[in-house]
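Some notes on the structure that comes next.
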There are 2 protein chains.
Amino acid sequence: MKAFSAYKNPALAVDLVVFGYHEKTLSVLLLNRNEEPFKDRWTLPGAFLQMEESFQQLCSRILQTKLGMDNVYLEQLYSFDAPDRDPRGRVISVAHYALINPKKFAVAAGKMANDVQWFPVKKIPALGFDHKEIFTKALQRLQAKIQYFPVGFQLLDEMFTMSELHELYECILGVEIDRRNFSRKILDAEYVINTGIKREGSQNRRPELFKFNKKLKQNNFQLNIS
Amino acid sequence: MKAFSAYKNPALAVDLVVFGYHEKTLSVLLLNRNEEPFKDRWTLPGAFLQMEESFQQLCSRILQTKLGMDNVYLEQLYSFDAPDRDPRGRVISVAHYALINPKKFAVAAGKMANDVQWFPVKKIPALGFDHKEIFTKALQRLQAKIQYFPVGFQLLDEMFTMSELHELYECILGVEIDRRNFSRKILDAEYVINTGIKREGSQNRRPELFKFNKKLKQNNFQLNIS
DNA sequence: TTTCTTTGTGTCAAATTAACACAAACAAAA
DNA sequence: TTTTGTTTGTGTTAATTTGACACAAAGAAA
């Protein structure tokens, strides 16, 4: 480590935007900090990166110790570097976002925070640090991604109805989607995944909403419609 | 900074994938390292983040000191965290990519490296660290982004012909594009940018290749076709 | 002025989307 | 078990978009 001795490194943290879907509402999990800075303010859950730890591991650690969750969909979002983003000093945050099904995890306040709570994405309070910016970027990413990749099933139970999926999409994208055309797109996509070939029918091909790729098929992706 | 005293932080670096377009070829700038680790191997240019420095500033510093460039298009790519990616110890790399016009900058070896050279993206040699992975991700990002956002002009002169732009797109995407339909899309897009309304004509609307948004207009974007 | 090259528009068939009628499947109630 | 309503999926059609290519206008070179 000689090579680094001349450097004083900024601290490295991960902040998590945890999305959950419940009662037709997309929500985000926030912690009420019980210590300075931003004591009693809502913030995203986060923690500092340990020397030997990967981002994945750190995310799991945050989810487990602070929120009691594991095995969730996770994706790296962006790294935030504003020099003044943390009043304690220089901290780079490599933000990630997670998609979970709130029913599976009873959210309980961990040791650090005095309160953990779901907030609908339309009613996010003032956040500490630059977490509002992180949240906004995460929501935009989710909205963009759901249109070409089947993230979003992680927000529902293993089995879900077409209506539930339809509502989820309308909710996340904030637009109305024709129920029947949506249904057709999902079924077409599922068919392609399972068989590798397009579904025939007079004109019933709607390959736009999802552009499933082969990787997904390899990953044994399953769209369960009850 | 008391709060951090318990932590030993991983080092933070930025690695740059600098794209240039020259003689109908998309290339990447590589440095031949003249010190361990990976002495005499090709790598992406990079440097460690100083305490008060933003990513932007660090990128500029790398471009200026190692490559003699400034004022280039720059975008954050992804953060790489494999614990063993640097044999010297734990180093997180927040990779960025840049688009430049090679004609504007005479590439000269800086102090650190003993050689700087353009490599066509189809002929990248074995790279040190995990830089092959970073390069691959950058190329994929560029290919994806160019299809809905007008990055890519930065690779050409201020004035360029339609043929040049057309070639650039074919080169980056690695596919053939009909010259005439391409031309129409570009001109339609330019028209929308300048006037805010669609270009009329019997069926000559091709709004797919670029989805220019208003932000671009605000940024005074100009597509100069000689 | 002629000839060649570059560039842009017209046209048309195929593919895709959006909107909505209708029918089958399912569930709840009687 | 029948009735009644709700959910879900397919059919159909018009409008939009794409892709392929003919052809013409504009420039550049000879």
Side-chain angles (χ1 to χ4, degrees), chain A residues 23-24 146-150 152-153 156-171 173-195 197-213 222-226, chain B residues 23-24 146-150 152-153 156-171 173-195 197-213 222-226:
Chain A
E23 306 207 333
K24 304 184 184 181
I146 203 176
Q147 292 184 70
Y148 66 89
F149 201 83
F153 303 143
L156 300 170
D157 298 339
E158 278 81 20
M159 294 296 245
F160 48 85
T161 66
M162 190 57 89
S163 312
E164 287 168 339
L165 189 62
H166 179 233
E167 272 162 5
L168 173 66
Y169 270 72
E170 288 194 328
C171 174
L173 295 175
V175 295
E176 281 208 354
I177 303 170
D178 184 276
R179 176 188 64 72
R180 293 155 294 189
N181 291 335
F182 178 81
S183 160
R184 174 157 31 212
K185 284 181 185 179
I186 297 293
L187 295 178
D188 285 356
E190 189 197 21
Y191 189 82
V192 172
I193 289 170
N194 291 332
T195 68
I197 49 177
K198 271 190 179 178
R199 203 154 66 115
E200 286 308 325
S202 50
Q203 286 118 308
N204 43 337
R205 278 157 258 126
R206 300 294 132 87
E208 181 55 13
L209 188 58
F210 298 119
K211 289 174 187 159
F212 294 109
N213 54 26
Q222 268 290 342
L223 174 58
N224 301 299
I225 295 169
S226 74
Chain B
E23 306 208 332
K24 304 185 185 179
I146 203 175
Q147 292 185 68
Y148 67 91
F149 200 83
F153 303 144
L156 299 172
D157 298 340
E158 279 80 20
M159 295 295 247
F160 48 86
T161 66
M162 191 57 89
S163 312
E164 287 168 338
L165 190 62
H166 179 234
E167 273 163 4
L168 174 65
Y169 269 72
E170 288 194 329
C171 175
L173 295 175
V175 294
E176 281 209 353
I177 302 171
D178 184 275
R179 176 189 64 73
R180 292 154 295 188
N181 292 334
F182 178 81
S183 161
R184 175 155 32 210
K185 284 181 184 178
I186 296 293
L187 294 177
D188 286 354
E190 188 196 21
Y191 188 82
V192 173
I193 289 170
N194 291 331
T195 68
I197 49 177
K198 272 189 179 180
R199 205 154 65 116
E200 285 308 325
S202 50
Q203 287 116 308
N204 43 338
R205 279 157 258 125
R206 299 293 133 91
E208 181 54 12
L209 187 58
F210 298 119
K211 289 174 188 158
F212 293 110
N213 54 27
Q222 269 291 343
L223 174 58
N224 301 298
I225 296 169
S226 74

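Note on naming: letters A, B, ... go to the chains in the order of the sequence lines (proteins, then strands), and numbering restarts at 1 for each one.
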Point to revise | Euclidean distance, atom CD1 of residue B:Ile177 to atom P of D:dT18 [Å, nearest integer] | key: 13 Å
Practice item. Confirm from the modelled atom types if A:Arg179 and D:dG9 form a donor-acceptor pair under 3.5 Å, side chain to base only. Key: yes
Point to revise | Contact check, side chains of B:Asn181 and B:Arg184, non-hydrogen atoms, under 4.5 Å | key: yes
Study note, to complete from the structure: The nucleotide from D:dG19, D:dT10, C:dG8 with an atom nearest the side chain of B:Asn181 is D:dG19
Review point. Do B:Ile186 and B:His166 come within less than 4.5 Å of each other through their side chains, counting heavy atoms only?
Key: no
Exercise for review: Could you check how far CD1 of B:Ile186 sits from P of C:dT6, rounded to whole Å?
Suggested key: 18 Å
Study note, to complete from the structure: B:Asp178 CG to D:dA22 P, in whole Å, measures 11 Å
Study note, to complete from the structure: From CE of B:Met162 across to P of D:dG27 the rounded distance in Å is 14 Å
Review point. B:Arg184 has a side chain; which of C:dC20, D:dA20, C:dG8 sits nearest to it?
Key: D:dA20
Check your understanding: B:Leu165 has an atom CG; how far is it from atom P of C:dG8, in whole Å?
Key -> 11 Å
Practice item. Let me know the distance between CG of B:Leu187 and P of D:dA25, rounded to the nearest Å. Key: 18 Å
Point to revise | Distance-only donor-acceptor test, A:Arg180 side-chain atoms vs C:dA18 base atoms, 3.5 Å | key: no
Practice item. Over all heavy atoms of both residues, which pair between A:Asp178 and A:Arg180 is shortest? Give the atoms and the distance, please. Key: OD1-N, 2.9 Å
**Study point:** Close side-chain approach of B:Phe153 and B:Leu168, heavy atoms under 4.5 Å
**Key:** no
Point to revise | Rounded distance in Å - NZ (A:Lys185) to P (D:dT10) | key: 15 Å
Practice item. May I have the distance from A:Phe182 (atom CZ) to C:dC20 (atom C1'), rounded to whole angstrom? Key: 18 Å
